[in-house]
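Take a look at the structure set out below.
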Amino acid sequence: MAASASYRSPLVCFFSLAAALFFASWYLLLDSAAAPPARHPPLRSPTPTTKCDPAKALLRVYMYDLPPEFHFGLLNSNPATTTTAPWPDLLTHAAPAYPGGLNLQHSIEYWLTLDLLASEQGAPTPCTAARVRDPARADVVFVPFFASLSFNRHSKDDRALQRRLLDFLAARPEWRRSGGRDHVVLAHHPNGMLHARYRLWPCLFVLCDFGRYPHSVANVDKDVVAPYLHMVDNFFNDTAGYNDRPTLIYFQGAIYRKDGGFIRQELYYLLKDEKDVHFSFGSVAGNGIEQSTRGMRASKFCLNIAGDTPSSNRLFDSIVSHCVPVIISDEIELPFEDVIDYSKFCIIVRGADAVKKDFLINLIKGISQEEWTSMWNKLKEVERHFEYQYPSQPDDAVQMIWKTIARKVPSIRLKINRLRRFSRFEANKTNESPARSSWLQSQAR
C-alpha cells in the first residue's frame with residue numbers, strides 16, 4: 001500500500017505541475033488578448049551615452065519643469081497618486097508606458113518629451129534637439145503638457161488643468177518676454193487644449209490638422225503638422241508587389257460622418273459594387289486592426305477620405321502597409337510637406353472630382369503597374385519618417401518634427417523682434433486677440 005502510494009506520488013506531482021502550467025499559460029494568453037502589448041515598447045538604455053551638446057544641436061529647447069500632473073502623471077488612471085519626481089530617470093528605469101488603444105494615435109507629446117529628457121540625461125538620441133537650462137540660450141520654449149491624453153482619459157479634470165497651465169505660463173518671464181511666440185504647445189488631438197487655445201494663439205502648435213481651428217489661432221505658416229502614430233503593424237520585408245495584391249481599392253472605416261465626411265458616403269455608393277474594390281464599414285472594435293492590416297497589405301490603393309476632420313491615422317496605416325494612399329480631403333495639411341513630395345507615393349484627388357461618376361475608378365485603373373511599383377518602392381523609402389519610437393532614430397517622426405520646428409525659428413525671431421519695436425513705450429501697447437469662432441465658442445461652454 002505504501003509502495004503504491006509512493007508510486008502514485010510522482011505521478012500526482014507531475015499532473016499537478018502540468019495542470020498548473022496549463023492554467024498559467026491559459027491565463028497569460030487571455031490577459032494578452034485582453035490587453036495587447038504596446039506596439040512601440042519603450043526601451044531602456046543599458047549603458048549611458050554622451051549627453052547632447054546644445055552647441056551642436058540643430059534646435060536648443062528650454063523645457064518647463066511642470067509638475068507630473070501635466071505630463072507623465074497623466075499616464076496613470078488617477079494622476080493624483082503619481083510620484084512627485086518631476087521626470088522619469090531614463091538611464092536606470094524603463095520609460096513609463098503610454099496607454100494603448102486609440103490613445104496612441106495622438107501620443108506625440110510623449111515621444112517628444114522623452115527625446116528631450118534623453119538629450120539631457122545621456123540616453124540614446126540623435127541630438128537634433130537638446131534641452132538647455134538657460135532660457136536665454138534656447139531657440140524655443142517647450143510646454144510639456146500631454147494635452148491629448150488629458151482630453152482622452154481625464155476629461156473631467158481637463159478644463160481645470162488647462163486653467164492651471166495658463167496661470168503658470170502667465171507668471172513666467174519667458175512668456176512675458178515673447179508673448180508666447182517662441183513657445184511650443186502640443187495639441188495633436190483635435191479637441192486638445194480646447195479651453196486654452198485662444199489664450200495660446202501666439203504659440204507654435206504641433207497639431208494633426210487645422211480642421212477645428214480658425215486661421216487666426218492655427219495655420220500652416222505658424223504651426224507644425226505632425227503625423228499620427230499608425231495603428232496597424234509595419235509591413236517588414238514586404239515583397240507583396242503589384243500582382244500579389246488582389247484588391248484594387250481598399251477602404252474600411254466609418255462611412256457616415258459629420259462635417260466634411262459626406263464624401264465617404266457618396267464614394268460608397270459609387271464604388272461598393274465595383275470589381276476588386278473593398279469598401280465597407282469597420283471599426284477598431286473586435287479585430288478591426290487585424291482586418292485592416294490584412295486588407296491594406298492585400299491592396300494596391302487605399303482610400304484616405306476626409307471624415308469628422310480633414311486627416312486621420314488611416315493615411316499612415318496605408319504608408320506603413322505600402323498600399324498607395326489615395327487622399328481625398330481638400331482641407332488636409334500633410335506632415336513635412338516642405339521637404340517631402342507626397343505626389344511621388346500618393347494619389348491626391350479633389351473632393352469635387354472624386355464624387356463624379358466613374359472619375360476615381362477610371363483614374364486608378366489608368367495607373368500602370370510600372371507607376372504603381374515606383375510609388376510602392378517610394379513608400380518603403382519614406383515610411384521611416386512617420387515612425388514614433390524611443391529611443392528615437394535619425395529622421396524618424398520625432399526627429400522630423402524637431403527639424404520642422406527648427407525651420408520655424410527664423411520666423412519666430414522675426415515676430416518677437418517686431419513685437420519689441422515699441423516695447424519701451426507703454427502708449428503703443430495693444431491688447432491683441434484673434435476673432436472667435438462660433439464652433440469653438442459652443443464647444444468651450
Side-chain angles (χ1 to χ4, degrees), residues 27-43 69-79 81-82 88 94-114 145-158 161 186-194 206-209 212 226-235 251-255 257 261 280-297 302 304 307-309 311-321 386-390 396-398:
Y27 170 80
L28 290 173
L29 177 63
L30 290 175
D31 185 59
S32 65
R39 289 174 30 255
H40 298 261
L43 303 179
E69 64 172 343
F70 288 99
H71 42 81
F72 287 99
L74 292 169
L75 303 180
N76 303 322
S77 57
N78 182 7
T81 63
T82 191
Y98 196 90
L102 284 177
N103 291 304
L104 280 167
Q105 64 179 328
H106 296 297
S107 59
I108 61 160
E109 51 216 8
Y110 168 78
W111 307 103
L112 290 172
T113 305
L114 281 179
F145 175 40
F146 290 5
S148 298
L149 192 59
S150 179
F151 174 80
N152 271 333
R153 301 191 81 206
H154 307 286
S155 56
K156 291 183 179 179
D157 303 316
D158 187 39
L161 203 55
L186 310 174
H188 201 257
H189 192 289
N191 292 329
M193 285 291 189
L194 183 62
V206 182
L207 307 164
C208 63
D209 59 45
R212 295 186 178 174
Y228 293 70
L229 185 146
H230 58 86
M231 301 306 294
V232 306
D233 290 337
N234 299 74
F235 195 176
F251 177 87
Q252 184 157 309
I255 294 173
R257 308 300 287 175
S280 69
F281 176 82
S283 71
V284 296
N287 63 342
I289 299 297
E290 291 78 6
Q291 288 179 353
S292 292
T293 300
R294 292 193 298 269
M296 288 184 170
R297 292 182 181 184
C302 287
N304 298 272
D308 292 345
T309 57
S311 65
S312 75
N313 64 15
R314 186 175 285 104
L315 170 60
F316 308 100
D317 289 346
S318 303
I319 289 172
V320 299
S321 301
F386 306 102
E387 197 69 47
Y388 290 96
Q389 54 200 330
Y390 177 77
D396 68 2
V398 171

What pairs with Asp209 under side-chain hydrogen bond (donor to acceptor under 3.5 Å, both in side chains), at least two apart in sequence or on another chain? Ser311

Which heavy atom of Glu69 sits nearest a heavy atom of Leu74, and at what distance? O-CG, 3.3 Å

Can you tell me how far the OH atom of Tyr98 sits from the CG atom of Leu104, to the nearest 0.5 Å? 7.0 Å

Please tell me whether Phe145 and His71 form a close aromatic pair, meaning their ring centres lie under 6.0 Å apart. no

Output all residues satisfying side-chain contact (heavy atoms from CB on, under 4.5 Å) with Ser292, sequence neighbours left out; order by chain, then residue number. Val232, Tyr250

Check: Gln105 and Ser312 side chains under 4.5 Å, non-hydrogen atoms: no

Distance in Å, Ile319 CD1 paired with Met296 CE, rounded so as to fall on 0.5 Å steps: 10.5 Å

Could you go through Asn103 and Arg153, starting from their C-alpha distance and side-chain angles, then the distance that decides it, and tell me whether this counts as side chain to side chain contact (heavy atoms under 4.5 Å, CB included)? CA-CA 8 Å; Asn103 291 304; Arg153 301 191 81 206; 3.8 Å; yes

If I compare all heavy atoms of Asn304 with all of Ser318, which pair ends up nearest, and what's the gap? OD1-OG, 3.5 Å

Test side chain to side chain contact (heavy atoms under 4.5 Å, CB included) on Thr309 and Arg212 and set out the steps. CA-CA 8 Å; Thr309 57; Arg212 295 186 178 174; 3.7 Å; yes

Under a 3.5 Å distance rule, please check whether Asp317 uses its side chain to pair with a backbone N or O of Met231 as donor and acceptor. yes

Between Ala97 and Leu75 the two heavy atoms that sit nearest each other are O-CD1, 3.7 Å

Could you pull out all residues at least two apart from Phe151 that satisfy side-chain contact (heavy atoms from CB on, under 4.5 Å)? Asp158, His189, Asn191

Give me the atom names and distance for the closest heavy-atom approach of Met193 to Ala147. CG-CB, 3.9 Å

Rounded to the nearest 0.5 Å, what separates atom OG in Ser107 from atom CG in Leu186? 11.0 Å

Relative to each other, are the rings of Phe72 and Phe146 parallel, tilted or perpendicular (30° and 60° limits)? perpendicular

Would you compute the distance between atom CG of Asn313 and atom CG of Leu102 and round it to the nearest 0.5 angstrom? 7.0 Å

Over all heavy atoms of both residues, which pair between Glu109 and Leu149 is shortest? Give the atoms and the distance, please. OE2-N, 3.1 Å

About how many Å separate SG of Cys208 and CG of Leu315, when rounded to the nearest 0.5 Å? 12.0 Å

Can you confirm whether Leu114 sits close enough to Val398 that some side-chain heavy atom of one is under 4.5 Å from a side-chain heavy atom of the other? no

For Tyr110 versus Ala95, what's the shortest heavy-atom pair and its separation? OH-CB, 4.1 Å

All side-chain contact (heavy atoms from CB on, under 4.5 Å) counterparts of Ala226, not counting sequence neighbours: Ile108, His188, Val206, Tyr388, Ile401

Taken in chain and number order and not counting sequence neighbours, the residues that satisfy disulfide (SG to SG under 2.5 Å) with Cys302 are Cys323

Could you pull out all residues at least two apart from Thr293 that satisfy side-chain hydrogen bond (donor to acceptor under 3.5 Å, both in side chains)? none

